[in-house]
Amino acid sequence: MTGPAVRFERVQKSYDGETLVVKDLNLSIPHGEFLTLLGPSGSGKSTCLMMLAGFESATGGKIYLNEESINRVPPHKRNIGMVFQNYALFPHKTVAENLAYPLKVRKLGKTDIEAKVARALDRVQLKRFGNRRPAMLSGGQQQRVAVARALIFDPEIVLMDEPLGALDKQLREQMQYEIKDIHENLGVTVVYVTHDQTEALTMSNRIAVFNDGVIQQLAPPLDLYEKPENAFVAGFIGENNQLRGLVKSARGGECVVQLHDGSLVTARCVNVAGAGSATTLSLRPERVEINPPDGKHPNRFEGRVEQLLYLGDHMRIRVSLCGHDDFIVKVPNASMHPGLNAGNSMTFGWAPENCRALEG
């Protein structure tokens, strides 16, 4: 198909007629993409999903499905599948009856319904559970039924609103891979809402990070994590050291920043106004090296180890460094350094390209 599967054009939403919870949203979603809307509570991500589903009306702008406006199309005529956090299964119906329901609404014949239900159960590995009621299933099994029901009528797009939020950690991680596998096998367009960063990074082709009703950055997971464009994205996606200071000089894509304790840090210029402007440096804890060889990094500072936390595959180290008592370093356990004990002073360094100078 030509053109995007979904397009938001200057879409706005207000519940009280005064405050916009979504502000001039422009967003195109290609066919077959897994796009995650990520952000804190109240950022506007779920409202966008509800407008696309038809459960909320846009205050302004237009929403297109296959380049046709759907602003006035009721939800049941949009050919969109929906998966909710609470599964929304009929408790008095069996699994097979839950799956058959959207097909009966569309007036399919009995033979077609039975074939589609059997195929859907097989797709989510629940062939033996068709005659059970939802209460007889685990949380993960109920969620798989909800996913199967959303896909059973071959929708053009599937929307998922915090679908794994009620599951425990291990089951949630398992379901992430199962949903991603279904998406890759079917090629259906998925728009997924979550506030869980790891979930978004694991599952998505692209992620739209929302804050205050505006997309702060739209990018693939790798770019979003490694190349945040502003301080909000840098702080929201993964753990991050944020060091504030003033730009002393800037040239050739690099700048020198003076921190509040007087330390000078060389960083990559990403989003700064120039010399004399305030900036926030973004540095991932795993990019910091302990006791780097002399001359390896221009950013090289003495720090005091304050706390070590063992987290299985890595050690999380809190350091007093550059005037900050909560500077974080992450070290794989296979790369532990001798003398890495609380109270010891050590040298820490990092490359300028791993330290991003963002707006103040």
Practice item. Check salt bridge (Lys or Arg N to Asp or Glu O under 4.0 Å) between Lys62 and all other residues, then give those that pass, not counting sequence neighbours. Key: none
Practice item. Could you name each residue pair satisfying side-chain hydrogen bond (donor to acceptor under 3.5 Å, both in side chains) that touches residues 204-228, not counting sequence neighbours? Key: Lys23-Asp212, Glu33-Arg206, Thr36-Ser204, Gln216-Asn230, Tyr225-Glu286, Glu226-Arg287
Review point. Residues two or more places apart in sequence or in another chain: which of them pass salt bridge (Lys or Arg N to Asp or Glu O under 4.0 Å) with Glu306?
Key: Arg304
Point to revise | Pairs satisfying side-chain hydrogen bond (donor to acceptor under 3.5 Å, both in side chains), at least one member in residues 103-122, at least two apart | key: Lys116-Asp154
**Study point:** Residues in side chain to side chain contact (heavy atoms under 4.5 Å, CB included) contact with Asp294, at least two apart in sequence or another chain
**Key:** Arg300
Practice item. Report, as yes or no, whether the 6.0 Å neighbourhood of atom CZ on Phe55 holds more than 12 heavy atoms from other residues, nucleotides or ligands. Key: yes
Check your understanding: Should Phe129 and Met136 be marked as a side-chain contact (heavy atoms from CB on, under 4.5 Å) after you check the CA-CA gap, both sets of side-chain angles, and the distance that decides it?
Key -> CA-CA 9 Å; Phe129 296 83; Met136 302 169 68; over 6 Å; no
Practice item. Provide the full list of side-chain hydrogen bond (donor to acceptor under 3.5 Å, both in side chains) pairs with a residue in residues 181-190, sequence neighbours left out, each pair given once. Key: Asp181-Asn185
Exercise for review: Taking salt bridge (Lys or Arg N to Asp or Glu O under 4.0 Å) as the test, write out the residues that go with Arg149, two or more places apart.
Suggested key: none
Check your understanding: Can you name the side chain to side chain contact (heavy atoms under 4.5 Å, CB included) partners of Pro332, sequence neighbours left out?
Key -> Ser335
Practice item. Have a look at Ser282 and tell me which of Asn240, Asn354, Asn241, Asn271 forms a side chain to side chain donor-acceptor pair (under 3.5 Å) with it. Key: Asn240
Review point. Partners of Glu353 by salt bridge (Lys or Arg N to Asp or Glu O under 4.0 Å), sequence neighbours excluded?
Key: none
Practice item. Please identify each residue that fulfils side chain to side chain contact (heavy atoms under 4.5 Å, CB included) with Asn79, with sequence neighbours left out. Key: Phe153, Pro155, Glu156
Study note, to complete from the structure: The remaining residues in the hydrophobic cluster of Leu264, counting side-chain heavy-atom contacts under 4.5 Å among Ile, Leu, Val, Met, Phe, Trp and Tyr, are Val256
Exercise for review: Could you name each residue pair satisfying ring-ring contact (aromatic ring centres under 6.0 Å, His included) that touches residues 281-314, not counting sequence neighbours?
Suggested key: Phe301-Trp350
